[in-house]
Every structure is written in C-alpha cells, then in structure tokens.
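I have placed the structure first, in the form of structure tokens, so that the comments after it can refer back to it.
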Amino acid sequence: MPNRFGQAYALTILSPVAGGHTHGAVHALDIRAALNRVPHGADSPLARLPMLHFARFTVIDDVRLQGIPAKEDHLRSKYLVFVADFDGDLDPFLDSLASNACDLVSSVWQYCEAFPGLTDRAQFRSYMHRCQVTSTFPFGAYAGTPLRDVLRAVDTQRRFIRFLERSQGARGDALQRDFQGLVGELANAPLPAPGTV
Amino acid sequence: MDVAGKSFAITNTTPMPPWKTWILRLIFLVIGKLGVPKKDQQNLVNLSFIHFARWVIIPRGGFPRLSNAQPVESLNYDYMLFCSNFNGSWKQYIDAFSEVIPGGMNNIWRWSVGYPGSQPLTPFLAYIEQNQYDNDYYYNATPGASTTDILRALDLQRKLTAFVPASRGLSAVEFEPAFDRFLASVQNDLATTGMDTVAIAFDFSTETDVADADHDARPAGRATAA
C-alpha cells in the first residue's frame with residue numbers, strides 16, 4: 001500500500017482548477033488569494049486537525065519546460081496540489097478536514113472543477129478520492145509515531161531541561177524530591193496544541 | 001510560502017519518458033521491500049534532516065479529469081512529483097543530497113529528462129531550481145522542532161518512561177548514582193527547541209549572510225537545536 005509509511009498516510013491530491021475567471025482573474029489567482037488570507041502556525045485552521053504533521057497547497061500553472069531536445073509539454077488545466085502527512089486512515093482525515101477546516105476547504109476548493117461542497121460529506125470524500133494520486137514512495141523519519149506522541153515528547157524534553165536547570169547542584173534527598181516533582185508535573189501537563197512547539 | 005518554523009517545503013516535478021517510469025517504479029518497489037541500501041540508509045540517518053518526503057509518479061494520462069468540461073491532457077511525458085519537508089536552507093538540503101548520497105539521487109532522477117547528475121553541484125542545483133514550484137501555503141504542526149529535535153525528544157521520552165518506574169522505591173543514596181547514569185544516557189537528547197531565527201530570516205539572495213549574522217548574534221553558550 002504505497003500511500004502508507006508506518007502508521008502515517010501520505011496523501012497527494014491534484015484538483016483541477018476550474019476554467020474561466022472571476023472579474024477577469026483566473027481561478028488559480030483566486031485560490032492563491034484565498035490561501036494568502038489563511039492564518040499560519042497555531043492559528044492555522046489545519047492546527048485543529050490533531051493527526052496532521054505537515055501539509056501544503058501548491059498551485060501548478062503548468063509543467064516546466066526542459067528545452068531542446070526535450071518535447072514541449074503543457075498542461076491544459078491548472079492544478080491545485082494538496083499534500084498532507086497525517087496519522088491513520090484517509091477517510092477519518094477527510095472528515096476531520098471538512099469539519100475542522102471547513103472555511104479553508106470551501107474558500108480554496110470552490111474554484112476547483114466539480115467540487116461538490118461540504119454539505120454532503122460522502123460526496124466530499126468521493127471527490128477527494130477522485131482527485132487522489134497514489135504516492136509512489138513515501139518516507140518519514142518518525143512515521144511510526146503519532147503527532148500526539150511527538151507533541152508530548154517535545155514538551156517532556158522542554159520540561160526535563162528546565163528541571164535540570166532548576167536542580168543543578170542538588171544531591172541526595174533534594175535531587176530525588178525535585179525529580180518526583182518533575183514526574184508529577186509531567187503527569188499533569190496538558191498536551192501542547194499543534195503548531196505551538 | 002516555503003518555510004514554517006524550522007522546516008522548509010520543496011515541491012518539484014520532473015518529466016520522464018513513460019517507459020522509464022516503469023524502471024523507477026521497480027527501483028522504488030525494491031527499495032520498499034529491501035530497504036534503502038545500507039550505506040545510503042546510514043547516511044540519511046546521520047543527516048537526519050527530513051521529516052517527511054514522498055515521490056509520486058503521475059502517468060501522463062493520470063492527471064485527474066473530473067468533468068467533460070475539463071480539457072483532456074495530452075502530454076508527452078509522465079511526471080515525478082517530489083515533495084519534502086526538511087530542516088535547513090534549500091541549498092544546504094540539495095548540497096547534502098549531492099554530497100552524501102549522490103548514487104541514491106542518481107538512481108531516482110537519472111530517468112528524468114535533462115537530469116545532469118547529482119555531481120558536480122552547480123548543474124544539479126540549477127536543474128532542481130528550474131523544476132521547482134513555490135508553495136502557496138505551508139503548515140507544520142511542530143515548527144519549533146527539527147527532525148533531530150523530535151527524534152531526540154522521542155528517545156528521551158522512551159528512556160524517561162522506563163526510568164521513572166525503575167527508580168521508584170530507591171533510597172536517596174541509591175537514586176543519585178542511578179539518576180547520574182540515566183542523565184549520561186540521555187545527554188544527546190537535550191537540545192533546546194524553539195523557533196530558530198535562521199529559518200525565520202531565511203532569504204534566498206542573502207541566505208549565507210543572514211545565517212552567519214544570526215549565528216554571530218546568538219548569545220554565547222545557548223544550546224542550539226540541530
């Protein structure tokens with residue numbers, strides 16, 4: 001199953017951009033303008049997807065020319081490329097995308113050919129399946145680890161380093177007491193939100 | 001928008017004669033079944049700068065066509081889409097690939113039209129740049145952590161999770177040397193994570209200058225993430 005690497009899924013979507021234009025601007029420009037308005041980092045609507053490690057949107061206007069002696073190729077449609085690396089299976093991710101980032105999805109995909117909207121989730125999933133291209137060879141340095149565990153580990157690392165700074169020079173009873181304090185702190189630490197670490 | 005925290009996104013397509021894509025599919029199949037050749041694998045592990053990457057072969061007739069209103073594509077070549085999320089600058093990334101796993105790169109890209117080989121570096125850089133696309137939006141759930149930071153954090157988490165129950169019940173006299181041994185075992189896991197100003201200040205035209213200036217401006221003794 002080439003889209004999978006470990007427990008992670010490498011989703012590649014190529015959505016053809018609708019032909020025509022709005023007020024003289026081709027829809028590829030509308031998509032870029034919509035994406036330009038989307039907040040970044042922890043404020044990104046994609047940060048509401050608890051399984052999503054990385055994602056990108058790229059509008060491909062045409063393939064690149066290679067020069068002589070290569071044959072000249074041109075795309076007849078522009079394509080919105082959506083690439084995502086996430087934990088688990090495709091359909092739960094698509095449902096989460098539709099639920100948690102509905103404004104982003106609507107504002108971008110509305111300019112794509114045959115986009116059915118988000119009212120009917122089954123239709124949305126079917127549309128995304130039709131736009132999916134199989135990822136031939138995915139790779140992930142920690143693809144076996146869910147995002148939840150990555151966020152937890154980075155947070156633990158930060159708290160552990162702060163503990164070391166606080167406890168420098170502590171020996172015996174004091175050291176053990178401080179360490180037990182750290183263990184309690186880690187047990188009660190909230191999971192950092194995606195985009196914050 | 002190719003940068004999100006410490007991570008950089010590269011998106012690239014290269015054309016391939018359709019009959020050659022079957023060779024590449026076979027190579028990917030073999031790598032998938034047998035793993036990356038040991039030397040390249042070790043070099044990739046040592047580099048440790050790629051979070052996630054993928055190669056996607058799009059057959060010339062494989063671009064999605066969703067309605068009769070959409071024109072039928074008529075391409076001469078299949079296309080290989082390459083997407084990577086990595087740490088460092090674009091030049092560092094391509095340079096490292098060229099230097100460390102030139103054979104691996106050649107095995108993947110030699111089937112693409114116009115590929116000049118991974119060495120010497122200058123035509124290789126030009127080829128990648130020529131076939132690259134700017135990303136319009138990029139999201140990273142862990143912007144303050146590099147690949148190495150995350151791998152080290154996961155290692156610390158594993159070892160700490162094992163040490164906590166093992167140290168429970170030790171007297172203070174027994175705990176201290178046990179903790180010292182534990183600390184020695186995780187000393188490589190203690191990178192300071194957080195937003196790196198090299199990535200934030202990244203600029204193609206002044207890449208080296210910005211990085212150097214930032215490096216010089218860092219307070220002495222600060223633990224920097226890999």
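Naming: A, B, ... by sequence-line order, numbering from 1 per chain.
Contact of B:Ala9 with chain A is made through backbone and side chain together, with heavy-atom distances under 4.5 Å. Contacts of A:Leu80 with chain B are absent, with no heavy-atom separation under 4.5 Å from either backbone or side chain. Heavy atoms of B:Leu156 lying under 4.5 Å from chain A belong exclusively to its side chain. Heavy-atom distances place no part of B:Leu24 under 4.5 Å from chain A, backbone and side chain included. Of the atoms belonging to B:Phe182, it is side-chain heavy atoms, and not backbone ones, that fall under 4.5 Å from chain A. Interface residue B:Val113: backbone and side-chain heavy atoms are both found under 4.5 Å from chain A. Contact annotation for B:Arg158: neither backbone nor side-chain heavy atoms come within less than 4.5 Å of a heavy atom of chain A. Using a 4.5 Å cut-off between heavy atoms, A:Ser135 touches chain B through backbone and side chain atoms alike. Heavy-atom distances place no part of B:Asp155 under 4.5 Å from chain A, backbone and side chain included. The part of B:Phe163 that comes within reach of chain A is its side chain, from C-beta onward, which places non-hydrogen atoms under 4.5 angstrom from that chain. With a 4.5 Å cut-off on non-hydrogen atoms, B:Leu29 does not touch chain A at all. Looking at B:Thr161, there are no atoms closer than 4.5 Å to chain A (heavy atoms on both sides), in backbone or side chain. Neither the backbone nor the side chain of B:Thr14 comes within contact range of chain A; no heavy atoms are under 4.5 Å apart.
Taking every heavy atom of both residues into account, B:Pro143 and A:Gly195 meet most closely at CG-O, 3.6 Å. A pairwise comparison of heavy atoms in A:Ser44 and B:Tyr137 identifies OG-OH, 2.8 Å as the closest pair.
Note: A:Arg56 leads A:His74, A:Arg76, A:Arg56 in heavy-atom pairs under 4.5 Å with chain B. Among the candidates B:Phe179, B:Phe28, B:Tyr133, B:Tyr138, the residue making the largest number of heavy-atom pairs closer than 4.5 Å to chain A is B:Tyr133. With chain B as the partner, the residue from A:Pro192, A:Ala114, A:Gly41, A:Ala141 showing the most heavy-atom pairs under 4.5 Å is A:Ala141. Comparing B:Thr13, B:Asn131, B:Leu183 by heavy-atom pairs within less than 4.5 Å of chain A, the highest count is held by B:Asn131. The residue among A:Val63, A:Leu186, A:Val183, A:Asp149 with the most heavy atom pairs within less than 4.5 Å of chain B is A:Val63. The choice from A:Asp155, A:Val154, A:Thr156, A:Leu75 that makes the most heavy-atom pairs within less than 4.5 Å of chain B is A:Leu75. Contact tally against chain B (heavy-atom pairs below 4.5 Å) for A:Gly19, A:Ala84, A:Cys112, A:Ala193: the top residue is A:Ala84. Heavy-atom pairs under 4.5 Å with chain B were tallied for A:Val150, A:Val83, A:Asp173, A:Val81; the largest tally goes to A:Val83.
A heavy-atom distance below 4.5 Å is not found between the side chains of A:Thr145 and A:Arg148. For the pair B:Ile27 and A:Phe137, the minimum side-chain heavy-atom distance is 4.5 Å or more. Here the side chains of B:His51 and B:Thr147 are in contact, with some heavy-atom distance below 4.5 Å. Residues A:Leu147 and A:Leu52 are not in side-chain contact: their nearest non-hydrogen atoms beyond the backbone lie 4.5 Å or more apart. Between B:Pro18 and B:Asp78, some side-chain heavy-atom pair lies under the 4.5 Å cut-off. Looking only at side-chain heavy atoms (C-beta outward), B:Pro71 and A:Ser77 come within less than 4.5 Å of each other. Using a 4.5 Å heavy-atom threshold, the side chains of A:Asp73 and B:Arg60 count as separate.
Salt bridge A:Arg32/B:Asp134: absent, no basic N to carboxylate O contact under 4.0 Å. Between A:Arg158 and B:Asp149 no salt bridge is recorded (no basic side-chain N to carboxylate O distance below 4.0 Å).
Residues satisfying the side-chain contact (heavy atoms from CB on, under 4.5 Å) test with A:Ala122, not counting sequence neighbours, are A:Asp120, A:Arg125.
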